[in-house]
Number of protein chains: 2
Amino acid sequence: MDALDRRLLAELQADARLSYNELSRRVSLSAPAVAERVRRLEADGVIDGYHAHVDLTRAGLPITALVQVQCYGTRCVLRDPAVATWPEVLQLYRVTGGACCVLLVAVPEMARFEELIDRLGGYGQPSTSMILSTPVPWRPVTAP
Amino acid sequence: MDALDRRLLAELQADARLSYNELSRRVSLSAPAVAERVRRLEADGVIDGYHAHVDLTRAGLPITALVQVQCYGTRCVLRDPAVATWPEVLQLYRVTGGACCVLLVAVPEMARFEELIDRLGGYGQPSTSMILSTPVPWRPVTAP
DNA sequence: GGTGAAATATGTAATTG
DNA sequence: CAATTACATATTTCACC
(Lines give C-alpha, C1' and ligand atoms only; values in the text may rest on other atoms or scores of the structure.)
Protein backbone atom coordinates (compact mmCIF):
# COMPACT_ATOMS: atom_id res chain seq x y z
CA MET A 1 0.00 0.00 0.00
CA ASP A 2 1.78 3.10 -1.26
CA ALA A 3 0.67 6.72 -1.52
CA LEU A 4 -1.07 6.04 -4.84
CA ASP A 5 -3.15 3.24 -3.29
CA ARG A 6 -4.12 5.58 -0.46
CA ARG A 7 -5.24 8.22 -2.95
CA LEU A 8 -7.32 5.66 -4.82
CA LEU A 9 -8.86 4.53 -1.52
CA ALA A 10 -9.73 8.12 -0.67
CA GLU A 11 -11.33 8.72 -4.07
CA LEU A 12 -13.35 5.50 -4.02
CA GLN A 13 -14.52 6.13 -0.47
CA ALA A 14 -15.75 9.57 -1.50
CA ASP A 15 -17.39 8.30 -4.71
CA ALA A 16 -17.47 4.58 -5.37
CA ARG A 17 -18.94 5.06 -8.82
CA LEU A 18 -15.99 6.95 -10.29
CA SER A 19 -14.86 5.39 -13.56
CA TYR A 20 -11.32 4.00 -13.90
CA ASN A 21 -10.85 6.67 -16.52
CA GLU A 22 -11.78 9.49 -14.14
CA LEU A 23 -9.68 7.89 -11.38
CA SER A 24 -6.73 7.68 -13.78
CA ARG A 25 -7.05 11.41 -14.48
CA ARG A 26 -7.18 12.24 -10.76
CA VAL A 27 -4.12 10.22 -9.79
CA SER A 28 -2.23 10.81 -13.07
CA LEU A 29 -1.86 7.18 -14.07
CA SER A 30 -3.15 5.18 -17.04
CA ALA A 31 -6.60 3.62 -16.74
CA PRO A 32 -5.33 -0.01 -16.92
CA ALA A 33 -2.78 0.71 -14.18
CA VAL A 34 -5.54 2.14 -11.97
CA ALA A 35 -7.84 -0.81 -12.70
CA GLU A 36 -5.10 -3.25 -11.70
CA ARG A 37 -4.35 -1.42 -8.44
CA VAL A 38 -8.04 -1.30 -7.52
CA ARG A 39 -8.41 -5.01 -8.29
CA ARG A 40 -5.41 -5.68 -6.04
CA LEU A 41 -6.94 -3.64 -3.20
CA GLU A 42 -10.15 -5.68 -3.62
CA ALA A 43 -8.28 -9.01 -3.76
CA ASP A 44 -6.24 -8.10 -0.66
CA GLY A 45 -9.49 -7.36 1.17
CA VAL A 46 -8.58 -3.73 1.87
CA ILE A 47 -11.66 -2.74 -0.13
CA ASP A 48 -14.47 -4.86 1.27
CA GLY A 49 -17.22 -3.77 -1.13
CA TYR A 50 -18.96 -0.77 -2.64
CA HIS A 51 -22.24 0.36 -1.15
CA ALA A 52 -24.86 2.95 -2.01
CA HIS A 53 -25.47 4.94 1.18
CA VAL A 54 -29.20 5.24 1.83
CA ASP A 55 -30.75 8.08 3.88
CA LEU A 56 -32.70 6.14 6.51
CA THR A 57 -35.40 8.75 7.06
CA ARG A 58 -36.05 9.20 3.34
CA ALA A 59 -36.10 5.43 2.90
CA GLY A 60 -38.91 5.19 5.44
CA LEU A 61 -36.86 4.23 8.53
CA PRO A 62 -36.93 7.41 10.64
CA ILE A 63 -36.38 5.68 13.99
CA THR A 64 -32.81 4.59 14.77
CA ALA A 65 -31.19 3.49 18.00
CA LEU A 66 -28.09 2.02 19.56
CA VAL A 67 -29.06 -0.95 21.70
CA GLN A 68 -26.64 -2.58 24.14
CA VAL A 69 -27.51 -6.13 25.18
CA GLN A 70 -26.17 -7.67 28.36
CA CYS A 71 -26.71 -11.29 27.35
CA TYR A 72 -27.68 -14.25 29.53
CA GLY A 73 -24.52 -16.41 29.14
CA THR A 74 -25.47 -19.23 26.80
CA ARG A 75 -28.45 -17.48 25.13
CA CYS A 76 -26.28 -14.70 23.64
CA VAL A 77 -27.11 -12.49 20.63
CA LEU A 78 -23.64 -13.29 19.31
CA ARG A 79 -24.27 -17.05 19.43
CA ASP A 80 -27.44 -16.88 17.32
CA PRO A 81 -26.54 -16.23 13.67
CA ALA A 82 -30.20 -15.38 12.98
CA VAL A 83 -29.91 -11.98 14.72
CA ALA A 84 -27.39 -10.78 12.14
CA THR A 85 -29.98 -11.42 9.44
CA TRP A 86 -32.79 -9.39 11.04
CA PRO A 87 -33.47 -6.51 8.63
CA GLU A 88 -33.64 -3.98 11.52
CA VAL A 89 -30.01 -4.70 12.46
CA LEU A 90 -27.72 -2.39 10.47
CA GLN A 91 -24.54 -2.93 12.49
CA LEU A 92 -23.57 -5.36 15.24
CA TYR A 93 -20.47 -5.09 17.43
CA ARG A 94 -19.08 -7.36 20.11
CA VAL A 95 -17.74 -5.09 22.84
CA THR A 96 -16.00 -5.07 26.19
CA GLY A 97 -17.70 -3.70 29.29
CA GLY A 98 -21.04 -4.41 30.91
CA ALA A 99 -22.81 -5.32 27.67
CA CYS A 100 -21.59 -8.05 25.36
CA CYS A 101 -22.79 -6.37 22.17
CA VAL A 102 -24.13 -3.16 20.66
CA LEU A 103 -26.58 -3.07 17.77
CA LEU A 104 -27.38 -0.16 15.48
CA VAL A 105 -31.01 -0.66 14.48
CA ALA A 106 -33.49 1.19 12.23
CA VAL A 107 -37.28 0.79 12.13
CA PRO A 108 -40.18 2.51 10.36
CA GLU A 109 -42.22 3.15 13.54
CA MET A 110 -42.16 2.82 17.32
CA ALA A 111 -44.45 -0.22 17.39
CA ARG A 112 -41.83 -2.07 15.41
CA PHE A 113 -39.11 -0.89 17.78
CA GLU A 114 -41.07 -2.13 20.79
CA GLU A 115 -41.43 -5.51 19.12
CA LEU A 116 -37.68 -5.59 18.36
CA ILE A 117 -36.77 -4.81 21.99
CA ASP A 118 -39.07 -7.67 23.07
CA ARG A 119 -37.24 -10.01 20.71
CA LEU A 120 -33.83 -8.85 21.98
CA GLY A 121 -35.09 -9.29 25.54
CA GLY A 122 -35.05 -13.03 24.93
CA TYR A 123 -31.24 -12.92 24.69
CA GLY A 124 -30.42 -10.56 27.54
CA GLN A 125 -31.09 -7.21 29.14
CA PRO A 126 -31.38 -4.56 26.40
CA SER A 127 -30.45 -0.94 27.09
CA THR A 128 -31.54 1.56 24.44
CA SER A 129 -30.08 4.90 23.38
CA MET A 130 -32.41 6.45 20.82
CA ILE A 131 -30.53 8.35 18.11
CA LEU A 132 -31.70 11.99 18.00
CA SER A 133 -29.50 12.97 15.07
CA THR A 134 -26.46 11.73 13.23
CA PRO A 135 -23.86 14.50 12.86
CA VAL A 136 -21.45 12.00 11.24
CA PRO A 137 -23.20 9.05 9.58
CA TRP A 138 -20.04 7.97 7.85
CA ARG A 139 -16.49 9.19 7.32
CA PRO A 140 -13.72 8.07 4.94
CA VAL A 141 -10.93 6.05 6.52
CA THR A 142 -7.46 7.55 6.21
CA ALA A 143 -4.85 4.81 6.40
CA PRO A 144 -1.92 5.75 8.64
CA MET B 1 -40.70 4.81 -4.61
CA ASP B 2 -42.13 1.70 -6.23
CA ALA B 3 -40.96 -1.91 -6.22
CA LEU B 4 -38.51 -1.22 -9.06
CA ASP B 5 -36.84 1.60 -7.10
CA ARG B 6 -36.51 -0.72 -4.10
CA ARG B 7 -34.87 -3.36 -6.29
CA LEU B 8 -32.43 -0.78 -7.66
CA LEU B 9 -31.67 0.36 -4.10
CA ALA B 10 -30.98 -3.22 -3.06
CA GLU B 11 -28.66 -3.82 -6.03
CA LEU B 12 -26.72 -0.57 -5.53
CA GLN B 13 -26.37 -1.19 -1.81
CA ALA B 14 -24.93 -4.63 -2.54
CA ASP B 15 -22.64 -3.34 -5.30
CA ALA B 16 -22.41 0.38 -5.92
CA ARG B 17 -20.18 -0.10 -8.96
CA LEU B 18 -22.73 -2.00 -11.05
CA SER B 19 -23.09 -0.45 -14.51
CA TYR B 20 -26.48 0.87 -15.64
CA ASN B 21 -26.28 -1.81 -18.28
CA GLU B 22 -25.91 -4.60 -15.73
CA LEU B 23 -28.58 -3.02 -13.51
CA SER B 24 -30.92 -2.86 -16.51
CA ARG B 25 -30.43 -6.58 -17.10
CA ARG B 26 -31.12 -7.40 -13.43
CA VAL B 27 -34.35 -5.44 -13.17
CA SER B 28 -35.46 -6.05 -16.78
CA LEU B 29 -35.59 -2.42 -17.85
CA SER B 30 -33.69 -0.42 -20.46
CA ALA B 31 -30.42 1.22 -19.42
CA PRO B 32 -31.69 4.80 -19.92
CA ALA B 33 -34.78 4.06 -17.81
CA VAL B 34 -32.56 2.68 -15.02
CA ALA B 35 -30.20 5.67 -15.23
CA GLU B 36 -33.11 8.08 -14.89
CA ARG B 37 -34.57 6.25 -11.89
CA VAL B 38 -31.19 6.17 -10.15
CA ARG B 39 -30.69 9.89 -10.84
CA ARG B 40 -34.11 10.54 -9.29
CA LEU B 41 -33.22 8.52 -6.18
CA GLU B 42 -30.02 10.58 -5.90
CA ALA B 43 -31.85 13.90 -6.45
CA ASP B 44 -34.51 12.97 -3.87
CA GLY B 45 -31.74 12.26 -1.37
CA VAL B 46 -32.74 8.63 -0.87
CA ILE B 47 -29.28 7.66 -2.14
CA ASP B 48 -26.86 9.80 -0.18
CA GLY B 49 -23.64 8.71 -1.88
CA TYR B 50 -21.59 5.72 -2.96
CA HIS B 51 -18.72 4.61 -0.77
CA ALA B 52 -15.98 1.99 -0.99
CA HIS B 53 -16.08 0.02 2.26
CA VAL B 54 -12.60 -0.31 3.72
CA ASP B 55 -11.55 -3.15 6.05
CA LEU B 56 -10.20 -1.22 9.06
CA THR B 57 -7.69 -3.85 10.17
CA ARG B 58 -6.25 -4.30 6.69
CA ALA B 59 -6.10 -0.53 6.28
CA GLY B 60 -3.91 -0.30 9.38
CA LEU B 61 -6.58 0.67 11.94
CA PRO B 62 -6.99 -2.53 14.00
CA ILE B 63 -8.26 -0.80 17.16
CA THR B 64 -11.91 0.30 17.13
CA ALA B 65 -14.20 1.38 19.92
CA LEU B 66 -17.58 2.86 20.74
CA VAL B 67 -17.10 5.83 23.06
CA GLN B 68 -20.00 7.45 24.89
CA VAL B 69 -19.38 10.99 26.11
CA GLN B 70 -21.39 12.54 28.91
CA CYS B 71 -20.65 16.15 28.06
CA TYR B 72 -20.19 19.09 30.40
CA GLY B 73 -23.19 21.27 29.34
CA THR B 74 -21.74 24.08 27.26
CA ARG B 75 -18.47 22.34 26.32
CA CYS B 76 -20.25 19.56 24.36
CA VAL B 77 -18.76 17.36 21.60
CA LEU B 78 -21.85 18.17 19.54
CA ARG B 79 -21.27 21.92 19.82
CA ASP B 80 -17.71 21.75 18.48
CA PRO B 81 -17.76 21.13 14.72
CA ALA B 82 -14.04 20.26 14.85
CA VAL B 83 -14.71 16.88 16.49
CA ALA B 84 -16.60 15.67 13.41
CA THR B 85 -13.47 16.32 11.34
CA TRP B 86 -11.09 14.29 13.54
CA PRO B 87 -9.88 11.40 11.33
CA GLU B 88 -10.37 8.88 14.17
CA VAL B 89 -14.12 9.59 14.28
CA LEU B 90 -15.91 7.30 11.82
CA GLN B 91 -19.46 7.83 13.07
CA LEU B 92 -21.02 10.26 15.54
CA TYR B 93 -24.53 9.97 16.98
CA ARG B 94 -26.48 12.23 19.32
CA VAL B 95 -28.40 9.96 21.66
CA THR B 96 -30.85 9.93 24.54
CA GLY B 97 -29.87 8.56 27.94
CA GLY B 98 -26.97 9.27 30.25
CA ALA B 99 -24.52 10.17 27.49
CA CYS B 100 -25.21 12.90 24.98
CA CYS B 101 -23.33 11.24 22.13
CA VAL B 102 -21.69 8.04 20.95
CA LEU B 103 -18.64 7.95 18.67
CA LEU B 104 -17.35 5.05 16.61
CA VAL B 105 -13.60 5.55 16.45
CA ALA B 106 -10.69 3.71 14.81
CA VAL B 107 -6.97 4.10 15.54
CA PRO B 108 -3.73 2.36 14.48
CA GLU B 109 -2.47 1.71 18.02
CA MET B 110 -3.35 2.04 21.68
CA ALA B 111 -1.15 5.07 22.28
CA ARG B 112 -3.27 6.94 19.77
CA PHE B 113 -6.44 5.75 21.46
CA GLU B 114 -5.21 6.98 24.83
CA GLU B 115 -4.47 10.36 23.31
CA LEU B 116 -7.96 10.45 21.73
CA ILE B 117 -9.65 9.67 25.06
CA ASP B 118 -7.66 12.51 26.64
CA ARG B 119 -8.89 14.87 23.94
CA LEU B 120 -12.51 13.72 24.42
CA GLY B 121 -12.07 14.14 28.17
CA GLY B 122 -11.98 17.88 27.55
CA TYR B 123 -15.63 17.78 26.49
CA GLY B 124 -17.06 15.42 29.08
CA GLN B 125 -16.77 12.07 30.78
CA PRO B 126 -15.88 9.42 28.16
CA SER B 127 -16.95 5.79 28.62
CA THR B 128 -15.29 3.30 26.26
CA SER B 129 -16.49 -0.04 24.90
CA MET B 130 -13.65 -1.59 22.92
CA ILE B 131 -14.88 -3.48 19.86
CA LEU B 132 -13.70 -7.12 20.01
CA SER B 133 -15.20 -8.10 16.66
CA THR B 134 -17.77 -6.83 14.19
CA PRO B 135 -20.20 -9.60 13.23
CA VAL B 136 -22.21 -7.09 11.13
CA PRO B 137 -20.13 -4.13 9.92
CA TRP B 138 -22.84 -3.05 7.51
CA ARG B 139 -26.16 -4.26 6.21
CA PRO B 140 -28.34 -3.16 3.28
CA VAL B 141 -31.41 -1.13 4.21
CA THR B 142 -34.72 -2.65 3.13
CA ALA B 143 -37.31 0.09 2.73
CA PRO B 144 -40.67 -0.85 4.26
C1' DG C 1 3.28 0.82 -15.94
C1' DG C 2 2.13 2.51 -20.90
C1' DT C 3 -0.26 2.14 -25.60
C1' DG C 4 -3.67 1.12 -28.92
C1' DA C 5 -7.58 -1.49 -30.77
C1' DA C 6 -11.83 -4.18 -29.96
C1' DA C 7 -15.77 -4.86 -26.97
C1' DT C 8 -18.91 -2.66 -23.75
C1' DA C 9 -21.22 0.94 -21.50
C1' DT C 10 -23.19 5.64 -21.25
C1' DG C 11 -25.76 9.80 -22.58
C1' DT C 12 -28.90 12.12 -25.66
C1' DA C 13 -32.64 12.70 -28.74
C1' DA C 14 -36.33 11.10 -31.27
C1' DT C 15 -40.26 7.92 -30.90
C1' DT C 16 -43.65 4.93 -29.04
C1' DG C 17 -47.35 3.06 -25.88
C1' DC D 1 -45.13 10.77 -18.89
C1' DA D 2 -42.19 7.06 -18.46
C1' DA D 3 -39.94 3.49 -21.30
C1' DT D 4 -37.73 2.12 -25.59
C1' DT D 5 -34.82 2.38 -29.60
C1' DA D 6 -30.95 4.21 -32.18
C1' DC D 7 -26.69 6.41 -32.44
C1' DA D 8 -22.66 9.22 -31.00
C1' DT D 9 -19.33 9.44 -27.23
C1' DA D 10 -16.80 7.49 -23.43
C1' DT D 11 -14.98 3.68 -20.89
C1' DT D 12 -13.20 -0.92 -20.04
C1' DT D 13 -10.44 -4.65 -21.29
C1' DC D 14 -7.08 -7.08 -23.83
C1' DA D 15 -2.82 -7.96 -26.15
C1' DC D 16 1.71 -6.31 -26.56
C1' DC D 17 5.82 -3.08 -25.67
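Every value quoted in this text rests on a predicted model; they were computed, and no experiment measured them. Every chain is numbered from 1, with letters handed out A, B, ... down the list of sequences.
A distance of 8.0 Å separates CD of A/Gln13 from CD1 of A/Ile47, quoted to the nearest 0.5 Å. Here A/Ser28 contributes atom OG and A/Arg7 contributes atom CZ; the two are 6.0 Å apart, rounded to the nearest 0.5 Å. Separation of atoms CG (B/Leu29) and OH (B/Tyr20) is listed at 13.5 Å; rounding is to 0.5 Å. Separation of atoms CZ (A/Phe113) and CD (A/Glu88) is listed at 10.5 Å; rounding is to 0.5 Å.
With hydrogens and angles ignored, the 3.5 Å screen pairs a side-chain donor or acceptor of A/Arg139 with a backbone N or O of B/Ala84.
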Please write out the pairs of protein N or O atoms and N or O atoms of nucleotides 10-12 of chain C separated by less than 3.5 Å, giving the distance to one decimal.
residue: C/dT10; atom: OP1; partner: B/Tyr20; partner atom: N; Å: 3.0
residue: C/dT10; atom: OP2; partner: B/Tyr20; partner atom: N; Å: 3.1
residue: C/dT10; atom: OP2; partner: B/Asn21; partner atom: N; Å: 2.6

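As judged by a 4.0 angstrom heavy-atom cut-off over every strand, A/Arg25 is placed among residues touching the sugar-phosphate backbone only.
A single hydrophobic cluster is seen to contain both B/Leu12 and B/Leu4, as judged by linkage of ILVMFWY side chains at heavy-atom distances under 4.5 Å, directly or through other members. Criterion: ILVMFWY side-chain heavy atoms under 4.5 Å apart, direct or through other members. Under it, A/Leu103 and A/Trp86 are part of a common hydrophobic cluster.
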**OP:** Could you go through the ring-ring contact (aromatic ring centres under 6.0 Å, His included) check for B/His53 and B/Trp138 one step at a time?
**Re:** CA-CA 9 Å; B/His53 186 266; B/Trp138 177 87; 7.2 Å; no
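With a heavy-atom cut-off of 4.0 Å to chain A, the contacted part of DNA chain D has its first and last nucleotide at D/dT11 to D/dC14.
At a threshold of 4.0 Å, the pair B/Asp5-B/Arg40 counts as salt-bridged, since one of the basic side-chain nitrogens sits closer than that to a carboxylate oxygen.
Under the side chain to side chain contact (heavy atoms under 4.5 Å, CB included) test applied with B/Leu104, the options B/Val67, B/Leu92, B/Ile131 reduce to a single match, B/Ile131.
Of all the residues in residues 2-10 of chain A, not one reaches under 4.0 Å from DNA chain C with any non-hydrogen atom.
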